[in-house]
Amino acid sequence: MALSAETESYIYRALRTASGAAAHFVALGFTIFVAVLAWPGSSLFSWHPVLMSLAFFLMTEALLVFSPESSLLRSLSRKGRARCHWVLQLLSLLCALLGLGLVILHKEQLGKAHLATRHGQTGLLAVLWAGLQCSGGVGLLYPKLLPRWPLAKLKLYHATSGLVGYLLGSTSLLLGMCSLWFTATVTGGAWYLAVLCPVLTSLVIMNQVSNAYLYRKRIQP
């Protein structure tokens with residue numbers, strides 16, 4: 001027997017809520033896992049994976065802020081969530097910049113070449129993209145700075161660009177898990193589970209952010 005439209009809608013919302021909760025736990029669990037693995041402070045390089053995974057977690061939380069089902073800040077107003085989103089994104093960018101700076105210093109000390117791997121190249125691109133994305137967010141916080149641009153289009157461009165930036169960051173993480181340091185430390189099934197973390201969160205983020213935009217379009221007059 002076919003399910004009613006109301007039942008299908010309930011199941012869909014329940015699945016989205018469950019997937020959003022999974023993204024929260026996976027992003028946090030992955031960050032803790034990398035922190036335990038790298039043991040920050042044990043070496044200069046140890047701070048790089050920790051800060052980058054923390055940037056990944058903060059970016060995940062920043063994007064989930066607007067999810068109708070998965071946001072941890074649903075009680076806040078739209079303006080309040082926008083402020084929290086901007087703060088989380090800024091903290092994510094600061095962590096990424098610090099992580100990038102420390103790995104550059106580490107390579108300088110060892111006399112190694114910079115941007116010699118796909119991981120490094122993609123990581124630099126992701127950090128630069130995040131910087132541009134945060135700059136673009138200022139136009140949404142203060143729309144009077146861009147009076148000739150319709151606010152609805154700015155939000156669409158910003159959301160789309162944010163998804164691209166998140167996918168770049170996730171790709172950089174995946175490439176980092178193919179590095180000599182990570183593969184020498186994490187082997188077997190644990191490596192595959194670690195790889196699944198950014199893959200899972202990316203799928204959830206793409207679905208949740210696109211749905212949040214459509215949801216906002218429906219409720220706006």
Atom CZ of Phe25 and atom CD1 of Ile32: how far apart are they, to the nearest 0.5 Å?
10.5 Å

If we only count heavy atoms from C-beta on, is the Met52 to Leu100 side-chain gap below 4.5 Å?
yes

Does Met59 reach the side chain of Ile205, with side-chain heavy atoms less than 4.5 Å apart?
no

I'd like to know if the side chain of Ser67 and the backbone of Leu64 have a donor-acceptor N/O pair within less than 3.5 Å.
no

From CZ (Phe56) to SG (Cys95), nearest 0.5 Å
13.5 Å

Just verifying a value: how many Å separate His158 NE2 and Thr160 OG1, rounded to the nearest 0.5 Å?
10.5 Å

CH2 of Trp47 to CG of Leu105, rounded to nearest 0.5 Å, is 14.0 Å

Should Pro49 and Phe182 count as side-chain neighbours, where that means a heavy-atom distance under 4.5 Å?
no

Count I, L, V, M, F, W, Y as connected when their side-chain heavy atoms are under 4.5 Å apart, and connections chain through other members. Are Leu173 and Leu196 then in the same cluster?
no

Student check: side-chain heavy atoms of Leu167 and Met206 closer than 4.5 Å:
yes

Under 30°, 30 to 60°, or over 60°: which ring-plane class applies to His48 and His119, parallel, tilted or perpendicular?
perpendicular

Minimum heavy-atom distance Ser172-Gly123, with the two atoms named:
OG-CA, 3.3 Å

Are the side chain of Ser19 and the backbone of Leu15 linked by a donor-acceptor contact shorter than 3.5 Å?
yes

Selection residues 189-202 - residue pairs positive for side-chain hydrogen bond (donor to acceptor under 3.5 Å, both in side chains), sequence neighbours left out
Tyr166-Thr201, Ser170-Ser202

Please say whether more than 12 non-hydrogen atoms of neighbouring residues, nucleotides or ligands are located less than 6.0 Å from CG in Leu180.
no

Hydrophobic cluster identity match, Val204 and Leu63, side-chain contacts under 4.5 Å:
no

Measuring only between side-chain heavy atoms, which start at C-beta, is Leu58 closer than 4.5 Å to Leu54?
yes

Between Phe45 and His106, how do the two ring planes meet: parallel, tilted or perpendicular, split at 30° and 60°?
tilted

Test side-chain contact (heavy atoms from CB on, under 4.5 Å) applied to Leu174 and Val199, step by step
CA-CA 8 Å; Leu174 288 171; Val199 173; 4.2 Å; yes

Could you tell me whether Trp86 atom CH2 has more than 12 heavy atoms of other residues or ligands within 6.0 Å of it?
no

Are Leu88 and Val26 joined in one hydrophobic group, where the rule is that I, L, V, M, F, W and Y side chains link up if heavy atoms are under 4.5 Å apart?
no

Is it the case that the side chain of Ser135 and the backbone of Gly131 share a donor-acceptor pair, with hydrogens and angles ignored and the cut-off at 3.5 Å?
yes

Would you say Leu175 and Leu168 are hydrophobically clustered, going by side-chain heavy atoms of ILVMFWY under 4.5 Å?
no

Restricting to non-hydrogen atoms, name the atom on Gly41 and the atom on Ser46 that form the minimum distance, rounded to 0.1 Å.
N-OG, 3.0 Å

Would you compute the distance between atom CD1 of Ile104 and atom CG of Leu124 and round it to the nearest 0.5 angstrom?
7.5 Å

Heavy-atom closest pair (Thr183 atom, Met177 atom, distance to 0.1 Å) is CG2-O, 3.5 Å

Rounded to the nearest 0.5 Å, how far does CG of Leu73 lie from CZ of Phe66?
10.0 Å

Flag yes if Leu132 and Val127 sit in one hydrophobic cluster, no otherwise; membership is Ile, Leu, Val, Met, Phe, Trp, Tyr, and two members link when side-chain heavy atoms are under 4.5 Å apart.
no

Under 3.5 Å, side chain of Thr31 to main-chain N/O of Ser53, donor-acceptor pair present?
yes

Considering non-hydrogen atoms only, spot the tightest contact between Ser71 and Arg74 and give its length.
O-NH1, 2.8 Å

Any heavy-atom pair between the side chains of Val50 and Leu37 that's under 4.5 Å?
no

Can Leu151 and Leu140 be said to form a side-chain contact (heavy atoms from CB on, under 4.5 Å), step by step?
CA-CA 7 Å; Leu151 187 58; Leu140 292 178; 3.9 Å; yes

Any side-chain heavy atom of Glu61 within less than 4.5 Å of one from Ser92?
no

Given side chains that start at C-beta, do those of Leu93 and Gln89 come closer than 4.5 Å, heavy atoms only?
no

So does Ser70 get a backbone contact from the side chain of His24, meaning a donor-acceptor N/O pair under 3.5 Å?
yes

